[in-house]
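The next block holds one structure in the form of structure tokens; read it before the comments.
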Amino acid sequence: MNDVPPIPAAVAEAIAAMGIELDAGDAERMRAYLGALLAANERCNLTAVTDPAEAWVRHVQDSLTLVPFLASADAKRVIDVGSGGGLPGLPLAIAMPDARFTLLEATGKKAAFLEETIAALGLPNARVVNERAEVAGQDHHAHRAHYDAVVARAVARLNTLAELTVPFAREGGAVLLIKGQQAEAEVAEAKQSLYRLHAQVVDLHRTATGTVVVIETPRATPRSYPRAPGEPKRKPLA
């Protein structure tokens, strides 16, 4: 049984105000996703948000703040780095059926949940890769410089997260990171990291639920990044 209520009117209005038109069945599919997320949370520790009504805002509405940026970038291939319980990747995949989403998750149990949920929701435009970002980011055949846009939420501070995300973006691509109230401080802290990665912050867009940090990748990422597993977190570039 799904204890998650239908989409709240305030959330529906906020989504519409962002210029997002949900197709018939999208809201119910997102409700089914939240139900699966909260049900699996007890065994997988997928989210700190356990109130169903709050989950609509903190998970669905917050994730969908990236839709206008992805649409503006005409992003057809998107990777969600450190997807965890599927945020922001799964709500985005539901709302943007014409784009293909790769959900990158290193933890086996979480990756298994994502695969089960994608199958249950019937999302042909989403797939799961069970691998560390440091490893996948050096996979020149399948992932490195392969995506139009890279997204992430609640993974690490920007001076670490930049190294884990930027290498996936093609030249001229975008990295879109959902951050909180410390976004400006994190951007300042990560200035040297971004410089070394040949990337630059072009916008900090405040939303009702957080801040979207927009990073452009005008040049190829140096081949030495990302470093070996664990190094970006142990010793950030900045």
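In what follows, residues are counted from 1 in the order of the sequence shown. Here the structure is a predicted model, which means the values were calculated and not measured.
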Transitively linked via ILVMFWY side-chain contacts under 4.5 Å: Leu204 with Leu161?
yes
So how far is it from Leu237 CG to Glu231 CD, rounded to the nearest 0.5 Å?
10.0 Å
Check the surroundings of atom CD in Gln182: do more than 12 heavy atoms from other residues, nucleotides or ligands lie under 6.0 Å from it?
no
Which heavy atom in Ala174 sits nearest to a heavy atom in Thr217, and how many Å separate them?
N-OG1, 4.4 Å
What pairs meet the salt bridge (charged side-chain N to carboxylate O under 4.0 Å, His left out) rule with one or both residues in residues 171-185, with sequence neighbours excluded?
Lys179-Glu186
Are side-chain heavy atoms of Asp62 and Ile178 found at a separation under 4.5 Å?
yes
Calculate, to the nearest 0.5 Å, the distance between atoms OG and CG belonging to Ser83 and Leu46 respectively.
10.0 Å
Who passes salt bridge (charged side-chain N to carboxylate O under 4.0 Å, His left out) against Arg100, sequence neighbours left out?
none
Do Val81 and Tyr225 share a hydrophobic cluster, counting only Ile, Leu, Val, Met, Phe, Trp and Tyr and linking them when any side-chain heavy atoms are less than 4.5 Å apart?
yes
Identify the heavy atoms of Leu90 and Gly85 that sit nearest to each other, and give their distance.
CD1-O, 4.4 Å
For the hydrophobic clusters of this structure (ILVMFWY residues joined by side-chain heavy atoms under 4.5 Å, transitively), does one cluster hold both Met18 and Val57?
yes
Within a strict 4.5 Å, meaning less than it, do heavy atoms of the Met96 and Asn125 side chains meet?
no
I need the minimum non-hydrogen distance between Ala199 and Ile215, along with the two atoms involved.
CB-CG2, 3.7 Å
Can you name the salt bridge (charged side-chain N to carboxylate O under 4.0 Å, His left out) partners of Glu42, sequence neighbours left out?
none
Which residue pairs satisfy the salt bridge (charged side-chain N to carboxylate O under 4.0 Å, His left out) criterion with at least one member in residues 25-41, sequence neighbours excluded?
Asp26-Arg29, Glu28-Arg31
Which value, rounded to the nearest 0.5 Å, describes the distance between Thr47 atom OG1 and Asn41 atom CG?
5.5 Å
CG of Asp80 to CG of Leu103: how many Å apart, nearest 0.5 Å?
5.0 Å
Check whether any side-chain N or O of Thr107 sits under 3.5 Å from a backbone N or O of Lys109 as a donor-acceptor pair, and report yes or no.
no
Do any pairs count as a ring-ring contact (aromatic ring centres under 6.0 Å, His included) and have a residue in residues 19-59, sequence neighbours left out, and if so which ones?
none
Lys191: which residues meet the salt bridge (charged side-chain N to carboxylate O under 4.0 Å, His left out) condition with it, sequence neighbours left out?
none
Answer yes if Leu64 and Ile79 sit in the same cluster of Ile, Leu, Val, Met, Phe, Trp and Tyr residues linked by side chain heavy atoms under 4.5 Å apart, and no otherwise.
no
Grab the two heavy atoms, one from Val151 and one from Pro88, that are nearest each other, plus how far apart they are.
CG2-CG, 3.9 Å
Quick test of your reading: applying salt bridge (charged side-chain N to carboxylate O under 4.0 Å, His left out), list the pairs with at least one residue in residues 116-138, sequence neighbours left out, ordered by first then second residue.
Arg132-Glu134
If you count heavy atoms of other groups shown closer than 6.0 angstrom to CD of Glu54, is the number above 12?
yes
Does any N or O in the side chain of Asp203 come within less than 3.5 Å of the main-chain N or O of Val213, such that one atom is a donor and the other an acceptor?
no
Taking Arg170 first and then Asp148, would you say they form a salt bridge - that is, a charged N and a carboxylate O separated by under 4.0 Å?
yes
Is there a side-chain contact between Thr102 and Phe168 in this structure, where contact means two heavy atoms from C-beta onward sitting under 4.5 Å apart?
no
Would a 4.5 Å heavy-atom cut-off, applied to side chains only, mark Asp139 and Arg144 as touching?
no
Partners passing salt bridge (charged side-chain N to carboxylate O under 4.0 Å, His left out) against Asp23 (at least two apart in sequence or in another chain):
none
With sequence neighbours excluded, tell me which residues meet ring pair (Phe, Tyr, Trp, His ring centres under 6.0 Å) with His205.
Phe69
Residue pairs involving residues 215-226 (criterion salt bridge (charged side-chain N to carboxylate O under 4.0 Å, His left out); sequence neighbours excluded)
none
Apply side chain to side chain donor-acceptor pair (under 3.5 Å) to Thr117 and list each qualifying residue two or more places apart in sequence or on a separate chain.
none
For a side chain to side chain contact (heavy atoms under 4.5 Å, CB included) with Met30, tell me which candidate from Val11, Leu22, Ile7 qualifies.
Leu22
Heavy atoms, side chains only, cut-off 4.5 Å: are Val150 and Leu176 in contact?
no
So Leu177 and Leu158, do their side chains get closer than 4.5 Å, heavy atoms only?
yes
What are the two closest non-hydrogen atoms of Ala169 and Val175, and how far apart are they?
CB-CG2, 4.2 Å
Cluster question for you: counting only ILVMFWY and a side-chain heavy-atom cut-off of under 4.5 Å, with indirect links fine, are Val214 and Val78 together?
yes
Side-chain heavy-atom pair Pro52, Leu38 within 4.5 angstrom cut-off:
yes
Side-chain heavy atoms of Val129 within contact of His143, under 4.5 Å
yes
Can you run down the side-chain hydrogen bond (donor to acceptor under 3.5 Å, both in side chains) pairs that involve residues 155-169, sequence neighbours left out, and say none if there aren't any?
Arg157-Glu189, Glu163-Arg227
Of all heavy-atom pairs linking Leu87 and Ser63, the shortest is CD2-OG, 3.5 Å
Consider side chain to side chain contact (heavy atoms under 4.5 Å, CB included). Of Ile20, Ile15, Thr209, which one does Thr65 pass it with?
Thr209
